[in-house]
Every structure is written in C-alpha cells, then in structure tokens.
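To start, the structure under review is shown below, and the notes come after it.
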Amino acid sequence: MTPWEDNEAFEAAAVPLSQRALAQRPAPYLDDLNPAQREAVEALDGPVLMLAGAGTGKTKALTARIVHLLALGKARPHEILAVTFTNKAAREMKDRVLRMLGPAGEGMPWMGTFHSLSVKILRRHAELVGLKPSFTILDTDDQLRLLKQLIQARNIDDKRWPPRMLAGLIDGWKNRALTPARVPSSDGAAYNNVGTEIYAEYQDRLRTLNACDFGDLLLHCVEIFKTHPDVLAQYQRWFRYILVDEYQDTNVCQYLWLRLLAQAHRNICCVGDDDQSIYGWRGAEVGNILRFEKDFPGAKVIRLEQNYRSTPHILAAASGVIAANANRLGKTLWTEAETGEKVRLIGHWDGEEEARWIGEEIEAIQRGTRGWAPVSLNGQAILVRASHQMRAFEDRFLTIGLPYRVIGGPRFYERQEIRDAMAYFRLAVSPDDDLAFERVVNVPKRGLGDKAVQSIQREARANGLTLVDGARSLLAGGGIGGKGANQLRAFCDGIDRWHMAIRDARPVVADAVIEPLLPDTPPNSDLGHVRLAEVILEESGYVSMWQNDKTPEAEGRLENLKELVKALEQFDSLQGFLEHVALIMDNDSEDATEKVSIMTLHAAKGLEFPVVFLPGWEDGLFPSQRSMDESGLKGIEEERRLAYVGITRAEELCTISFASNRRVYGQWQSQLPSRFIDELPQAHVEVLTPPGLMGGGYGAAAPGFGGGFGSTIEERATRADVYNSPGWRRLQDRQGQRSVSQPREARHVTIDHQAESGYALGERVFHVKFGYGRVIGIEGDKLDIRFDKAGEKKIVARFVMPADIGDEVPF
DNA sequence: ACCGCGTACGAACCA
DNA sequence: CGTACGCGGT
C-alpha cells in the first residue's frame, strides 16, 4: 500500500472531524483579532507574507489561520503543511491549535520542523538518493569524527584542514543546496579543490553508512523533488496549504524546499520579521524574505504592527537602533500601552561589577522598589551576546544565593553519557552502525586502543564487512591478542544478544520506522524496550563505569542515564526513540521554583520578560568582533538586529549596560561602549550612575551630572562620560561614516582623542581595583604599572588617578 | 594502553 | 582563564 492509498482512508475519517469542530466552536477565534491579524487570517488563498514585528501576536494569527482553514473546510488537517524551525515552536503551535479546536485539532501530521518533516518525506523515498529507508541521522559529533577520518586517510595536514572548518564548509554548501557536483568552481578553487573533493568523499561515505547529516535531510528532499517530478507532484497535491514560521531564518535549501512544494497551488503563507533575522552565520538568507514578492508575484503583504508586549519607550529605543539598518521591509511598531520607564543605561568599571550591580538590581526589583510593582524572578532575564558572559553572573549569583537558570547550554542529548548510551542502543538496533561501534568499542575501557581499532577497521575494509563483523573475523583469525581479545569478544557477543532481543520482541522488524500517516495509530504499550535498554547499559559495563568514577560529575551522569531510560517509556521501541531523539531538543525542565533566567540573545528570540537586562554592550563583544571581521557591514547589521531582538524582549523595564574593562581570554582589556549605544534615541533613555565609585566616573554619568567633586576628578570623570565617549560622539558626526566593515580597533586604541597619558614614568598612581602602584612604562595612553599588591598590569591612563588624589577618595 | 603535562587556541546555535 | 589535543613517560 502506498502512502497515497493510506490517504484515502484518512480522508474518510477526517472530514467529519473538522465539521464537528466548526459546529462546536462557532469561530470565536476571529473576534479577538485586530484588523491586521484578521486580514492575515482571512487571506487564505494565494501567497501571503505576514510581516509580524516583535510581540504583535504572530503565533496567534498563525494558529487562527490554521483553525480558519479547517473551519471553512478549505483543507483537512493532514493537508496543511506547517513548518517551524524549532521543536518548541512546533509544539507551541500544536498546543494552541489543540486548545482552540479540542480533539478535532489532533492529527496534523505535517506540522513540525523542517528537519522532522524532511525525515518523514525522506524515509518514503530514501532509495531515490541511494539510501535505505532505515538511514540513521548523524549529529555534529559524528560528522566531525567522520571528516577526521577522511582527512587522515588523505594524509593531509589536519592543522591546515581542521575538521571543524571542513564541516563548516560542507554545511555551508548544503545550506545553499549545493551537492558536490554543483559546488561552483570559484568556491572550490579557493580551497584548492580539497574541500570539494572531501565533500564528495564524505557524501559517499555517508551513503555507505546509510546515514544523513542534518543538512542532508533537506538537501536530499530537494534533490528528490527536483529529479522526480511525479513525487513532487504528489506532495504538491497533498499539501494544499503551506504555512511557514520565522521565514526570515530560512536558508537557500529550505527556500527551495518550500518553493518547490508551493509552486503549483501557491497557497503559501510565510510569517516572519526581517528585523529579527539573526541566523545569517548559519546560512539563513534574509534575502528570502526581502524578495518574497518577486518570488510570488501578486503576493499579499500584511504587516502586524500593533505591539502587545512592550512600553512605548522600549519600542522607541528598539526602533531607533534598528533604523540604522538598510534594506529593511520596514515596519512601525506601535502600542496602546502606557509610557512606562525609559530604557536604562549604565556603565560599570568591569564585568564583575556589572554582574554585582545586576544581581542587586534584580533583588531590589523582586522586592519592589522605587514605586514599581515587584517582579518575580521568573519575570526577569539576563540576555548576553556570547555564552561565556554567563559565567560572571553565575559566579555572582551563586555567592549571593540568587536562584537562576541557564537556558540553552549543552542539550540533553549532546551530553557525553547520553551519546554513549545512545550509541549502544544504535548498535543493538542495527549492529552495522559503524560510527556507534567506534564510539563505544572502548567505552568503558576494554584495552582496545588506537592500534586495535585500526586493525579492526583494516580487516573490515579489506573484506567489505561492518566493524562488528570485522572484529569477529579478526578474533577468529587470531589477529588480535591478549586480554583485549576477550573483552572485544564479549562486546561483540553483547551486541548480538541485544540485537536478537529486539528481533524477538518485534518478530517482523520493519526495515524502517515509517511514520504512520494515520495520526491515531495505536501506540505499542509494550515496554520491553525500556527493560532492554537497562540491560544493555548494565551488561556493557557502562553503568558501572560511572558508578566507579570518583569525579564529582559522575553522579549527575548516572542521573541523566536514568532520565534517558525514563524517556524511553514514551516511545514504543528503541528504534522509535532513536528516530526522534536525533531531532528533538527538549531542555525545558519544567521547574516550578522562582529563578532569574540567563541566556544568549539567540536563545531569547520568541521569549518575553517584564524585566530584561542586556549586559556587555561593548564594541568587539557586541557587536562581536568576529561577526564584523567575517561579514563586515552585513555582520554589523545582523548584530544590530540582535540588539533589536534583545530590547524587544522586555515588556516593562529594559536595562542596557557595559563595562570599561573586561577579561578576554584571561587578559584585562579596556572596552569601548557599543556603537549601538550611540543609536539609542536619547529621549527614551535614562542614564544611571553606578553606585560606589565617585558617581561612576568610570563609564557612565549623565551629562551635567556630578557637581561637588574636585575639579580634577570631575574632569576625568566627564571624559569617561558616556555622552562624551567616542560612542556618543559618533552620533554627532554621522556623516563621517567610515567603512563600517573596517573593524574598529577597540582593543588597542586610545580612548582619549589625544593619545597621551598625562602621567610620567615613576609616578605613583592609584587604581580602584588594583590599589597603589608606580608607572614603569608608557605607551600612548596606556601605562605599564607595577602595583604594590596586584603585580604588573597594562592600564589605560583614564582608569588610574594620581596617587595623591586617590588618597583622598573614600573607599 | 593509559595518564599527565605542556602548548595552542579561542567563545554564537538549532535540527 | 578554559578546554582540546599532542607529546612523552610509565
């Protein structure tokens, strides 16, 4: 029976469902939409671009649209293709549709991520791209190990060709839907064609392994659609309406995937916000959304601009920043909300002080301060540019006992113990999984080192065997000696035994786990696979390996293994589990306790909090130097969108901060305020003065602030004043727009415009953090100072003061 | 085969 | 300041 015959059966069941839904719920979903949302919901046919600004009720409109399609009988649940990027977004959409429709909203088999939907499609046509339907999905780790092997096989310098770099190259090509044959020679030549050659080898190897990496899932689908018009036509008929979330994040391959599927009926609705395109570095093409109207002539463009999330000051600040980007489709967010607080800006001496201040501020806000209503910890978040910034906050919050949660971080299935355990499961399911074999053959230690593994590989390769069989053959021929041999034999026998157990449990082992088309296929209630998983982990010695491990993290790893086994209960077989786990990111441990959230700006997209802190707004950190170096103006624009995303996460209160000094790779560096700080419209910003330090001369002080200080100090303080900083100054002489792509020398450059320190060799100076010291070298505005207590440091002159003045400062 | 030390390098993120 | 890897010693 083909899937298309299944379909007939499904249709018979599906029609009454949607009619029942309509009867039960007479379209209340249209009533609470604003006019733009309603327009977006009701424009069902033909291409539609829904430009949905931050906080404008995009998901609401999207789900209402699905409900509307079903209610009007335009499509049945299985005829709607709804694509998201993350499992979380998919789940959210599913939940919302379910909430609106009740049971009638169940059974939307084609609502999911690009990757999960692609797997579903690919399993049905795997042979068209030279795979078996049971192909496995490799993650980044496997991918790297594979590439490493190919590099070594070629005997080329892996210093010049780091696997990571090749992986990046290949991913980039796949993102652009380029098979090895299609990589433009200009692309390949730049790397002496080594890159393209390895790419081709890599693809061959994947086919031999019957495996796909993440990029392949989409690429293969596109290839099938392109080369098999009959298959494509079936899917085009099948998916009568297509909806895409976060369209600004699509890469070329995803774009082709969509366009191929949509081009027949053109009922495609893409939802996105060009101002929130922040994944360019992983291949997203903001161009896709910019040229939607060209791709789909006659497309209806609907803007959702009424914001339901943030106060006017916050929106104005965000708008001010994003306005500096060129090539925008353009939206003007507005709100009916009350004015609220201005965006707050504060400078700090260094990153630790920044963390300290934010910690105190969070506690104050939690208690309720300055007449603001208290905001619980759950309502507060710290959004950083790069994950290493999190550390300062974690350190600080641990010492003051402020509960926090880190969102993102290493995902569950990426942890070592989980990946090891899964490799065992993979071997049990398919003993020919060579990558899994390699991963765990010596985990726990079985006395099988590099040399042993190499001879197994040689044996396997020579006889066209899988690694397990190669190992067996080697053992039989006595090609491997000593105590490793016994352990290897036990390992192979184990694999055999576990595999048999699976076979016995399911006498008819399907070659692949093909998703049932009928959504309500009864789940297998037999939990034998859970027990089997435990047995595997026990017998392999993997559990005892961690039990015997004395390191502090061993306990946590055992916990994770338990959690893994528990997770198995929700699936009906090991295969089914492996199938999903490769695509699932489930890190949302539902935790009821009140905690402040710490996450990257990227992880924050789509979230919102009453109170948001945005630390580390310093040139080089944010915008990140790397982004500027690699992508020039484009990079800066993307960073600016990231700033926009950050600010628009805040509902009530947004606090931006920067530090004058920061440890970078263990070295102290002086930092300049981010250029994005220049772009904040002053009318919507309140500049705060950090406590403690002479009114905050070291970073931020309001203009005109700070009467009552000695003139010398005040002068030094104002020099560091934000509004007087090079940052604000750039605002004034905008016409002087130098090439932005030219990285500013934030690190080694003078902060003063006259590059002289004002200090003399041998002079005694005072520094707030390092104490007293003596100038032993001068280099422009930087001083080499030998501190009495803190050793020798290089310090920018404005951060120290003559010792006699320092003496008077009350610390 | 495994362990410990020294050196080099450097940090986004989701499937 | 970390971590990841390569080296040499045991």
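Keep in mind that the numbers below use all heavy atoms, side chains included, and drop hydrogens, waters and symmetry copies. Note that the structure is predicted; figures quoted are calculated from it, not measured. Within every chain, numbering begins at 1; the chains are lettered A, B, ... in the order of the sequence lines, protein sequences first and strands thereafter.
Atom CD of A:Q667 is separated from atom C1' of B:dC9 by 13 Å (rounded to the nearest Å). Distance A:D141 CG to B:dA15 C1': 15 Å, rounded to the nearest Å. Rounded to an integer number of Å, the gap from A:D142 CG to B:dA15 C1' is 14 Å. The interatomic distance linking A:I151 (CD1) with C:dC5 (C1') rounds to 15 Å, in whole Å. Put simply, CG on A:D213 is 18 Å from P on B:dC14, counting in whole angstrom units. Taking atom CE of A:M390 as the reference point, atom P of B:dA12 lies 10 Å away to the nearest angstrom. Between the P atom of B:dA15 and the CG atom of A:N175 lies a distance of 15 Å, rounded to the nearest Å. Note: CD (A:Q389) to C1' (B:dG10) measures 15 Å, nearest angstrom.
Per the stacking criterion (ring centres < 5.5 Å, plane angle < 30°), A:W281 stacks onto the base of B:dA12.
Out of B:dA12, B:dC14, B:dA15, the shortest distance to the side chain of A:T113 is found at B:dA15. Nearest to the side chain of A:K445, among B:dC3, B:dA12, B:dC13, sits B:dC3. Side-chain proximity of A:S387 to the nucleotides B:dA12, B:dA1, B:dA15 is greatest for B:dA12. Comparing B:dA12, C:dC5, B:dA1 by their nearest atom to the side chain of A:K148 picks out C:dC5. Considering only the side chain of A:N442, B:dC2 comes nearest among B:dC2, B:dA1, B:dC14.
For A:S544 (side chain) and A:Q547 (main-chain N/O), no donor-acceptor pair under 3.5 Å exists by modelled atom type. The main-chain N or O of A:I278 is found under 3.5 Å from a side-chain atom of A:H602 such that the two form a donor-acceptor pair.
With the nearest nucleotide of DNA chain B identified for both A:A452 and A:E638, A:A452 has the one nearer the 5' end. Residues A:R164 and A:D450 each lie close to DNA chain B; by heavy-atom proximity, the contact nearer the 5' end of the strand is made by A:D450.
With sequence neighbours excluded, the residues that form a side chain to side chain contact (heavy atoms under 4.5 Å, CB included) with A:A52 are A:T56, A:K58, A:V271, A:L304. The side chain to side chain contact (heavy atoms under 4.5 Å, CB included) test applied to A:R626 returns A:S624, A:E630, not counting sequence neighbours.
The shortest distance between the side-chain N/O atoms of A:N87 and the OP1/OP2 oxygens of B:dC14 is not below 4.0 Å. Distances shown here put every side-chain N or O of A:T86 at or beyond 4.0 Å from the OP1 or OP2 atom of B:dC14. Contact between the side-chain N/O atoms of A:T600 and the OP1/OP2 oxygens of B:dC13 is found at a separation under 4.0 Å.
Using a 4.0 Å heavy-atom distance criterion, A:R391 is classed as a sugar-phosphate-only contact. Counting non-hydrogen atoms under 4.0 angstrom, A:R663 reaches the backbone sugars and phosphates but no base. Note on A:T140: a base of the nucleic acid sits closer than 4.0 angstrom, heavy atoms only. Among the protein residues, A:F214 comes within range of the nucleic acid bases, having at least one heavy atom under 4.0 Å from a base atom. Nucleic acid contact class of A:D249 (heavy atoms, under 4.0 Å, all strands): none.
For the atom pair CE of A:M628 and CD1 of A:I636, the computed distance is 5.5 Å after rounding to the nearest 0.5 Å.
Contact annotation: side chain of A:R385 to base of B:dA12, donor-acceptor pair present below 3.5 Å.
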### Query
Could you walk me through whether A:H125 and A:Y235 pass the ring pair (Phe, Tyr, Trp, His ring centres under 6.0 Å) check?
CA-CA 12 Å; A:H125 311 283; A:Y235 283 100; 5.5 Å; yes
